[in-house]
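Note sheet for the following structure.
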Amino acid sequence: MSVDIPAGIGGASVASPTDVPSPRPTHPSSTPSPAASTQQQQQNGNFLSNFLASNPYFTAGFGLMGLGVGLAAARQVIVRGSNMLYRQLLVDLEIPSKDKSYAWFLQWMARESVALSPAVLSESPRGLKGRLLALRELFSSSHHLSVHTTYKQHDNGSVSANFSLVPGPGKHILRYRGAYIQVNRERSGRLMDLTSGAPFETITLTTLYRDRGVFKTLLQEANAMAMKMQEGKTVMYLSRGPEWRPFGQPRRKRSLQSVILDRGVSERICMDVKDFLQSGKWYSDRGIPYRRGYLLYGPPGSGKSSFIQALAGDLDYNICILNLSEQNLTDDRLNHLMNHIPERSILLLEDIDAAFNKREQADESGYKLSGVTFSGLLNALDGVASSEERIIFMTTNHPEKLDPALIRPGRVDVRELIDNASEYQVRRMFLRFYEGADDVCEKFVARVAELGVPVSTAHLQGLFVYNKNSPEKALEMVPYLKSSYVVN
């Protein structure tokens, strides 16, 4: 039985196997040769090169990039080379404002590098050599100065001001012993000394490495100049924060002969202090703490503080005044201050009874309570952490208010009464003010004795100062001494 197969679905024709196209034969000549490939790559490279070369934007950017890389490399070479040369050829010396030599150097530089005036330049030698010398001095001087003003009011009410010029912040050039030194004074805008409120400063000196020896010579000269300014004077120190700072200008030394105490008192104290200063090895060999304490007690105006100032001048010592009633003073700060007293200084605790009364902090006469405890004071005087090579003077008007533990031996080794004026003192003081007036002196002494009241040396001195050139008027005014007597 025969079946008819339709020619196509939906009328579509179906190709016979004979109608399928056969694949095109491959000819060997259609594969590219290696030479043709190389030529094609060269053509592509030439096209890229021609394109980049003909593009001005790309050419300029590539050139700038190369220039930037070259400059950066050159900059690194220059920086590293300059740093190496700086380390090899130059040397720096840094002086912070907290160092003692800071003020010395400013005073020295103010003297050495004050800008020359036209008058000075005109006085230079004539000719080319003279002009060159004048220009050298001009460029090596400081033209940016700061003023430091000190204000002083005298006892007679007059006021005087002293102006000193010091180099201001910035860079200065000076020439010292043939070496040129750059001085860079920098002032910090953020850091400051909390005790004084002054900004923290640093002075950096820069010179050639071969001239580094001038730094030591310069500092020694500045120190010598500062010591010469204080020669014959006594420096008063006050505590500011954790350190001691000079208070005011140095005071002229007061001679021991100007403070007239009772017979033998001044000699005993001076002899004991000088013997202590010469006995350091004796204390060390016996294991005894090398410190000495003195208590001067007596009525007001008897000359206790004046004698301590005169003694410091005689010993060429300075005085550190410590106020135990200071509100911000604590046990730790007290111990730190007493262990860091400047060299060749006497520590003075005035009116010790005003700070502590029978182990209790006093709050009389306007004294504010401080953070110092009685045990803290005792430990600072002779505790384990207390310092040695120290001389302490205490003064009081009321020794009966002091606790026995405070004035026991080891803390107070010498107690001396500085009383009202005796007949011996009245006579010596009168003859010191009125030399040669012996007859009037005896009348004066007798009339003072007739008053029947104690007379302090301060009252006598006030009477003599009021009648500087007239011993007779001083004799007439003796009754006024009784009217000024105040019962304690």
Side-chain angles (χ1 to χ4, degrees), residues 256 261-299 302-305 307-312 314-315 317 319-325 329 331-332 334-341 343-362 370 372-419:
L256 279 173
L261 302 182
D262 204 1
R263 193 186 304 272
V265 175
S266 177
E267 291 77 6
R268 285 196 302 269
I269 299 176
C270 292
M271 187 180 301
D272 188 89
V273 173
K274 294 178 180 179
D275 178 72
F276 167 76
L277 295 176
Q278 299 172 359
S279 305
K281 187 176 183 304
W282 186 90
Y283 279 80
S284 178
D285 293 342
R286 288 155 180 79
I288 303 174
Y290 185 46
R291 46 180 176 258
R292 196 78 168 163
Y294 298 84
L295 175 65
L296 304 184
Y297 62 96
S302 55
K304 299 182 289 295
S305 299
F307 172 75
I308 295 172
Q309 182 180 350
L311 176 64
D314 184 69
L315 299 174
Y317 268 50
I319 299 177
C320 297
I321 304 174
L322 184 59
N323 182 13
L324 294 177
S325 300
L329 190 63
D331 289 345
D332 293 338
L334 174 65
N335 200 5
H336 178 83
L337 289 171
M338 295 183 69
N339 278 275
H340 294 82
I341 300 175
E343 296 181 358
R344 300 186 65 84
S345 297
I346 293 175
L347 178 61
L348 175 58
L349 306 178
E350 286 190 299
D351 298 326
I352 188 69
D353 59 282
F356 291 97
N357 185 359
K358 297 296 184 181
R359 302 201 178 198
E360 297 293 335
Q361 288 187 344
S370 68
V372 178
T373 62
F374 188 75
S375 61
L377 175 60
L378 298 182
N379 291 330
L381 290 174
D382 70 339
V384 176
S386 58
S387 64
E388 297 196 1
E389 299 185 16
R390 184 184 65 193
I391 300 177
I392 297 181
F393 272 84
M394 305 180 193
T395 65
T396 179
N397 299 330
H398 305 283
E400 69 279 358
K401 295 182 179 181
L402 299 179
D403 191 277
L406 180 62
I407 57 177
R408 69 158 175 81
R411 293 175 181 140
V412 173
D413 304 289
V414 177
R415 283 180 265 184
E416 196 70 52
L417 171 63
I418 311 296
D419 208 346

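- In this structure, the side chains of Leu417 and Tyr297 come closer than 4.5 Å at one or more pairs of heavy atoms.
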Identify all side-chain donor-acceptor contacts of residues 409-416 below 3.5 Å with residues at least two apart in sequence or on another chain.
| from | atom 1 | to | atom 2 | distance (Å) |
| --- | --- | --- | --- | --- |
| Arg411 | NE | Asp382 | OD1 | 2.9 |
| Arg411 | NE | Asp382 | OD2 | 3.4 |
| Arg411 | NH1 | Ala405 | O | 2.5 |
| Arg411 | NH2 | Asp382 | OD1 | 3.3 |
| Asp413 | OD1 | Gly410 | N | 3.2 |
| Asp413 | OD2 | Gly293 | N | 2.9 |
| Glu416 | OE2 | Arg268 | NH2 | 2.7 |

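- Under the side chain to side chain donor-acceptor pair (under 3.5 Å) criterion, Asp419 pairs with no residue at all, not counting sequence neighbours.
- Legend: residues meeting salt bridge (Lys or Arg N to Asp or Glu O under 4.0 Å) with Asp331, ordered by chain and number and at least two apart, are absent.
- The side-chain heavy atoms of Met338 and Leu381, taken from C-beta on, include a pair separated by under 4.5 Å.
- Residues Pro299 and Asn397 approach most closely at C-OD1, 4.1 Å, considering heavy atoms.
- The two residues Ile341 and Cys320 make their nearest non-hydrogen contact at CG2-SG, 3.7 Å.
- To the nearest 0.5 Å, atom CD1 of residue Ile392 and atom CZ of residue Arg291 are 8.5 Å apart.
- A search for salt bridge (Lys or Arg N to Asp or Glu O under 4.0 Å) contacts involving Glu350 returns nothing, not counting sequence neighbours.
- Between Thr395 and Leu348, the closest side-chain pair of non-hydrogen atoms falls below 4.5 Å.
- Looking at heavy atoms from C-beta onward, Leu329 lies in side-chain contact with Leu337 at the 4.5 angstrom threshold.
- Side-chain atoms of Leu322 and Leu334, non-hydrogen and from C-beta on, do get closer than 4.5 Å to each other.
- No donor-acceptor pair closer than 3.5 Å links the side chain of Asp275 to the backbone N or O of Met271.
- Here the CG-CG distance, from Leu377 to Asn335, works out to 10.5 Å after rounding to the nearest 0.5 Å.
- Proximity of Leu402 to Ile352: side-chain heavy atoms (C-beta onward) are separated by under 4.5 Å at one or more points.
- Partners of Tyr294 according to the side chain to side chain donor-acceptor pair (under 3.5 Å) rule, which considers only residues two or more places apart in sequence or in another chain, are Asp272.
- Applying the side chain to side chain donor-acceptor pair (under 3.5 Å) rule to Thr396 yields the partners Asp353; only residues at least two apart in sequence or on another chain are considered.
- Partners of His336 by side-chain contact (heavy atoms from CB on, under 4.5 Å), not counting sequence neighbours, listed by chain and number: Pro242, His340.
- Under the 4.5 Å side-chain criterion, counting only non-hydrogen atoms from C-beta, Leu378 is not in contact with Arg408.
- Closest of all the heavy-atom pairs between Gly298 and Ser302 is C-OG, 4.4 Å.
- Remark: Ser345 pairs with no residue by the side chain to side chain donor-acceptor pair (under 3.5 Å) rule, at least two apart or across chains.
- Looking at Ile418 and Phe307, their side chains never come closer than 4.5 Å, going by heavy atoms from C-beta outward.
- Ile288 pairs by the side-chain contact (heavy atoms from CB on, under 4.5 Å) definition with Trp282, Tyr283, Arg286, not counting sequence neighbours.
- Nearest heavy atoms, Leu277 versus Ile391: CD2-CD1, 3.6 Å.
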Could you give me the CA-CA distance, side-chain angles and deciding distance for Arg390 and Asn339, then say whether side chain to side chain contact (heavy atoms under 4.5 Å, CB included) is met?
-> CA-CA 9 Å; Arg390 184 184 65 193; Asn339 278 275; 5.7 Å; no

